[in-house]
Amino acid sequence: MSHEIIAIDGPAGSGKSTVAKAVAEQLGWAFLDTGAMYRAVTCEALSQGVDVHDQRAMGELARTVTLATLPRVTVNGRDVQDELRTEPVNLAVSIVAANPLVRESMVTRQREIAGAQSTGTVVEGRDIATVVFPHATLKVFLTASLEERSRRRGEEGVDSVARRDEADSTRTTSPLRQADGALVLDTTGQSIDDVVGEVIRCLKSITSN
Ligand code: DC
């Protein structure tokens, strides 16, 4: 059992998934995309016709669904990988992610998933370094300009990305914010390799001390 964690937070399109995946691969560690978990619960609510504004019903759904994120995202055994980034999910996921009952279930699951790994885990999301793993080995906060982030999100567009940023940063429960002591990296105009290299250098300098 290893409890080494690299916690990567940042707004939509800041490069979290790409960087986290590449860092995990280089280190031979597990990778956990927590945004995919909130998206999967949202997919299930839309498919079952559960009102995403109904906090209790959504909390119950989040508590009882079967969720897997690898190799593909499934919810209650249904493969939802190709639905995760569709417009209805983009629109509803911020409402679902602002629900404290949903967050409680997701945070518990995230700690269990990382705790069950035989290697360290690279975990990415919005509240990973602030709430889920406040004692992470390394905390990273990625940023990039809004223009570059919406370009990376392709069809989602500037307005949708800006709206989600606003919702994720201003909600009451676990808003997106920089953790104390986080390595802050602006990925605008940076190559993935450069950012990954910087994260691994920083991890090595921490663990060699
Ligand atoms: O990273 P993403 O765009 O796939 O995240 C989807 C939504 O879930 C986004 O609105 C932010 C939210 N989220 C969150 O609140 N906490 C996390 N740890 C991860 C994602």
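Both ligands and their constituent atoms are indexed starting at 1 by order of listing.
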When you pair each N or O of ligand 1 with protein N or O atoms, which pairs come out under 3.5 Å?
| unit_1 | atom_1 | unit_2 | atom_2 | d |
| --- | --- | --- | --- | --- |
| ligand 1 | 1 (O) | R126 | NH1 | 2.8 |
| ligand 1 | 1 (O) | R126 | NH2 | 3.4 |
| ligand 1 | 3 (O) | R39 | NH2 | 3.0 |
| ligand 1 | 3 (O) | R126 | NH2 | 3.3 |
| ligand 1 | 3 (O) | R153 | NH1 | 3.3 |
| ligand 1 | 3 (O) | R164 | NH1 | 3.1 |
| ligand 1 | 4 (O) | R39 | NE | 2.7 |
| ligand 1 | 10 (O) | D168 | OD1 | 3.1 |
| ligand 1 | 10 (O) | D168 | OD2 | 3.2 |
| ligand 1 | 15 (O) | R103 | NH1 | 2.8 |
| ligand 1 | 15 (O) | R103 | NH2 | 3.4 |
| ligand 1 | 15 (O) | R171 | NH1 | 2.8 |
| ligand 1 | 15 (O) | R171 | NH2 | 2.9 |
| ligand 1 | 16 (N) | R103 | NH2 | 2.9 |
| ligand 1 | 18 (N) | T34 | OG1 | 2.9 |
| ligand 1 | 18 (N) | R126 | N | 3.2 |
| ligand 1 | 18 (N) | D127 | OD1 | 2.8 |

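Between the side chains of T187 and R152, at least one donor-acceptor pair of N or O atoms lies under 3.5 Å. In this model, no donor atom of one side chain and acceptor atom of the other lie less than 3.5 Å apart for D193 and S191. Side-chain contact of T137 with E4: a donor-acceptor pair under 3.5 Å is present, judged by distance alone.
Applying the side-chain contact (heavy atoms from CB on, under 4.5 Å) criterion to A98, with sequence neighbours excluded, gives R171. For S160, the side-chain contact (heavy atoms from CB on, under 4.5 Å) criterion is met by E156, R163, not counting sequence neighbours. With sequence neighbours left out, the side-chain hydrogen bond (donor to acceptor under 3.5 Å, both in side chains) criterion links T86 to no other residue.
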